[in-house]
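What follows is a short report on a single structure.
Letters A, B, ... mirror the listed sequences (proteins, then strands); counts begin at 1. Only heavy atoms go into these numbers, but all of them, side chains included; no hydrogens, no water, no symmetry mates.
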Amino acid sequence: MFDRYKIQIEEQINPILKQEGLENSTLQWSLIPFSGHWGISTSFFQIAAQETRSGKKGNVAHRAAELAEMIASKLDIGTEFEKCEAVKGYLNIYFASKSFSQMVVEKVLEEKQLYGSHPPIDETVMVEFSQPNTHKAFHVGHLRNIVLGASVSNILEFNGNTVIRANYLGDIGLHVITWLWNYENFHEGETPPAENAISWIGELYAEAVKRREESEENEEAIRRYFQAWDNHDPEIIALWKETRQWSLDAFERLYEILGIHFDRLYFESEVEHVGKAFVEELIEKGLAKDERPGGAVIIDLDALLGTKEEYRVLVLLRSDGTSLYATKDIPLAVKKFEEYKLDRSIYVVDVRQSLYLKQIFKVLELLGYEWAKQCQHLAYEIVNLPGNVTLASREGTVVLLEDLIREAEKRAMEIVDKKNPELGLEDKQQIARMIALGSIKYSLLSRDNTKIVTFDWETALDVNGQAAPYIQYAAVRANSILRKVQYQIPSGWSNPSDLEEKEIVLVDLISRFPQEVEKAGRDLKPLVIANYAYDLAKAFNDFYTHCPVLSAKDEVRTFRLRLVAATKQTIINSLGLLGIQVPEIM
RNA sequence: GCCCUCGUAGCGCAAUUGGACAGCGCAUCGGACUUCUAAUCCGGCGGUUGUGAGUUCGAGUCUCACCGGGGGCGCCA
């Protein structure tokens, strides 16, 4: 937003530096980091250090301060800036807040839900996330993946990318066979309950695994069942199709609740066959080694690349010829790039699979696909239970997603009910859901991807402090002011007398949104937005308690109303990137 | 053995990618509701950024070593 001013100033600074014998020095601009000070800033340490390195004697810090002071005294800041000053080697140039704040607010109100976004760029990127297994439960560990993938997709889209949201479903394999076998023998004819389909399916899975592990006989039976499947037994296939659909329908309902949609669903079953052909190709090219029947089909990446204990060995096919994850991930990657003309392919997968994905990308490269370098693993840490207990569906140490959402809604409902007794039940429920989902999502997104999240009910359901309800509430407060004027936001520029510090802080933050979006997109970190949204809400709450809006006079009132509307919009936009909705009332 | 990752206040986390006084939330102590919603605001307490060296004008951030937690490393997904 301020680039052209930076350029203007630089055009003045460069000749001054030239006089000092300093050329080709590029300045790095940032916003003044102090709360309540609004403007741009740069420093002269690099230039001074460069000078010292080229032989000139002197103290760098001293020289930087000298340069900053000299430039500050010579600079013509025009009417766009209030003042400029040199502080310890930094040059701070303060905006003329009155006109700049008008400009910022104006921009937000004009661009509305697009404020903060960047113009389209010619780049198509696929984000693969969620990747649930059919015939299994959904737990909070899976949620981190979904929420992260969805948010990163939103952020990339806001940055101008064309985003394809892809899901990759594990609909075949031993876990499915085990489930089917158990169902056919012990639950035939049963159907999942409408409400708790996922937990029902999950319970049956846990039961199936237990049966498999408790007797050799069962294990043997399951193995035979697997063979029958491999031989395309029509009855088993029919059962598979039917039960798979139960999972898919249940997933779809859950995604709907979470507000997630996918543009493309990939299934393991659709890439297994072609995957085996790829393995053959790798063997023929002399890249993979077929050690069957004694061993598996492997690719010794370290031997091929001349590296040592870096890429290790990847197993492509079991010794019995059945497929593994690697068998399927290779053709899947190819399919993705063929179907869409991708510029980038992002895999949202937990950090434990870092080596595995590194191997897959390298194999693709060895196969000659130039786009292999555009595959990127977005790793995130797992969600644990207190005491470093891993969530595992077979151990029974899971917190089911449905339970979490239900409990969060219940708690949110209690507060909504108390605060808004006049509302109808349906409205209350809708609000409670937004708050519940917001809290859950925010608690997962406001943590760096590299940090393990320890799940406990209290923290997950805490709505105090830095949490989504705080931010939502700020927007609701803004909304409630706007409602009082029937959402008639006065147009045109107003010219209030000097701005309050609270107002400047708020406008400053609003103006930073586009660059926060950019940063979040660059680093694939929703955390950046999560922090930003909180800071913005905090600044607004501060403003709210100190600066009356409706009772203010004339131009102050006009400006503040516009500022309130701009804040509400920016909060909505930033939370939107996190997949969090904002209610009108709460 | 090799590799990845984390270590910041009692607890949970940030820190504009190497910049200005290391911020915020819980918790705790104390203030503020006849005024636009108190799911709010203001103030107090709390720090040798795991340890030691190095690079740099400048290090929580980069390099190396060490300590401690977690993870990965040929037929699990």
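Within the nucleic acid shown, E381(A) has no heavy atom closer than 4.0 Å to any nucleic acid atom. Note on L550(A): a base of the nucleic acid sits closer than 4.0 angstrom, heavy atoms only. Across all strands, V313(A) comes closer than 4.0 Å to base atoms (heavy-atom distances). Among the protein residues, Q46(A) comes within range of the nucleic acid bases, having at least one heavy atom under 4.0 Å from a base atom. E291(A) comes within contact range of at least one nucleobase, with a heavy-atom separation under 4.0 Å. Within the 4.0 angstrom heavy-atom criterion, only backbone atoms of the sugar-phosphate kind lie near D448(A); the bases stay farther away. Within 4.0 Å of V453(A), counting heavy atoms only, lies no atom of the nucleic acid at all. The residue V351(A) sits apart from the nucleic acid: no heavy atom pair falls under 4.0 Å.
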Might you list the N or O atoms of the protein lying below 3.5 Å from N or O atoms in nucleotides 61-64 of chain B, with each pair's distance?
none

Which atom pairs link the protein and nucleotides 6-9 of chain B when you take only N or O atoms and keep those under 3.5 Å?
none

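When each of rC57(B), rA14(B), rG72(B) is scored by its nearest atom to the side-chain atoms of F45(A), the top-ranked nucleotide is rC57(B). Of the candidate nucleotides rA77(B), rC41(B), rU40(B), rU40(B) has the atom lying nearest to any side-chain atom of Y473(A). Nearest to the side chain of A49(A), among rC57(B), rG1(B), rA14(B), sits rC57(B).
A close approach under 4.0 Å does occur between a side-chain nitrogen or oxygen of R477(A) and OP1 or OP2 of rA38(B). Proximity of Y470(A) to the phosphate of rC41(B): a side-chain N or O atom is located under 4.0 Å from OP1 or OP2.
Under 3.5 Å, the side chains of N159(A) and E518(A) contain no donor-acceptor pair of N or O atoms. Side-chain contact of N384(A) with T454(A): a donor-acceptor pair under 3.5 Å is absent, judged by distance alone.
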**OP:** Would you give a per-nucleotide map of nucleotides 20-28 of chain B, 5' to 3', where B means the base has a protein non-hydrogen atom under 4.0 Å away, S means only the sugar-phosphate does, and - means neither?
**Re:** BB--SSS--
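The stretch residues 317-327 of chain A touches RNA chain B through R318(A), S319(A), L324(A), Y325(A), each having a heavy atom within less than 4.0 Å of the strand. Residues from residues 173-180 of chain A with heavy atoms under 4.0 angstrom of RNA chain B: there are none.
Helical stems of RNA chain B (runs of at least 3 Watson-Crick or G-U pairs, donor-acceptor distances under 3.5 Å) are listed by first residue: B:1-7 with B:67-73, B:10-13 with B:23-26, B:28-32 with B:40-44, B:50-54 with B:62-66.
Applying the salt bridge (charged side-chain N to carboxylate O under 4.0 Å, His left out) rule to pairs touching residues 31-54 of chain A yields E51(A)-K56(A), E51(A)-R63(A), sequence neighbours excluded. Contacts classified as salt bridge (charged side-chain N to carboxylate O under 4.0 Å, His left out) and involving residues 309-320 of chain A (residues at least two apart or in different chains) are given here: E309(A)-R312(A), E310(A)-K358(A).
By the ring pair (Phe, Tyr, Trp, His ring centres under 6.0 Å) test, Y266(A) is found to be paired with no residue, residues two or more places apart in sequence or in another chain being considered. Residues satisfying the ring pair (Phe, Tyr, Trp, His ring centres under 6.0 Å) test with Y168(A), not counting sequence neighbours, are none. Partners of N541(A) under the side-chain hydrogen bond (donor to acceptor under 3.5 Å, both in side chains) rule, at least two apart in sequence or in another chain, are Y470(A), R477(A). For D554(A), there are no side-chain hydrogen bond (donor to acceptor under 3.5 Å, both in side chains) partners, not counting sequence neighbours.
Projected onto RNA chain B by closest heavy-atom contact, R522(A) and V549(A) fall at different nucleotides, the more 5' of which corresponds to R522(A). When the nearest nucleotides of RNA chain B are assigned to G295(A) and V476(A) by heavy-atom distance, the more 5′-ward of the two goes with V476(A).
One finds the CD atom of E501(A) at 13.5 Å from the CZ atom of F543(A) (value rounded to the nearest 0.5 Å).
At a threshold of 4.0 Å, the pair R411(A)-E407(A) counts as salt-bridged, since one of the basic side-chain nitrogens sits closer than that to a carboxylate oxygen. One finds a salt bridge joining E503(A) and R560(A) here, because a Lys/Arg side-chain nitrogen approaches an Asp/Glu carboxylate oxygen to under 4.0 Å. E409(A) and R433(A) are joined by a salt bridge, as a carboxylate oxygen and a charged side-chain nitrogen come within less than 4.0 angstrom of each other.
Note: CZ (R352(A)) to P (rC4(B)) measures 19 Å, nearest angstrom.
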**OP:** Tell me, with the steps shown, if E584(A) and R483(A) meet salt bridge (charged side-chain N to carboxylate O under 4.0 Å, His left out).
**Re:** CA-CA 10 Å; E584(A) 296 282 303; R483(A) 194 171 47 240; 5.7 Å; no
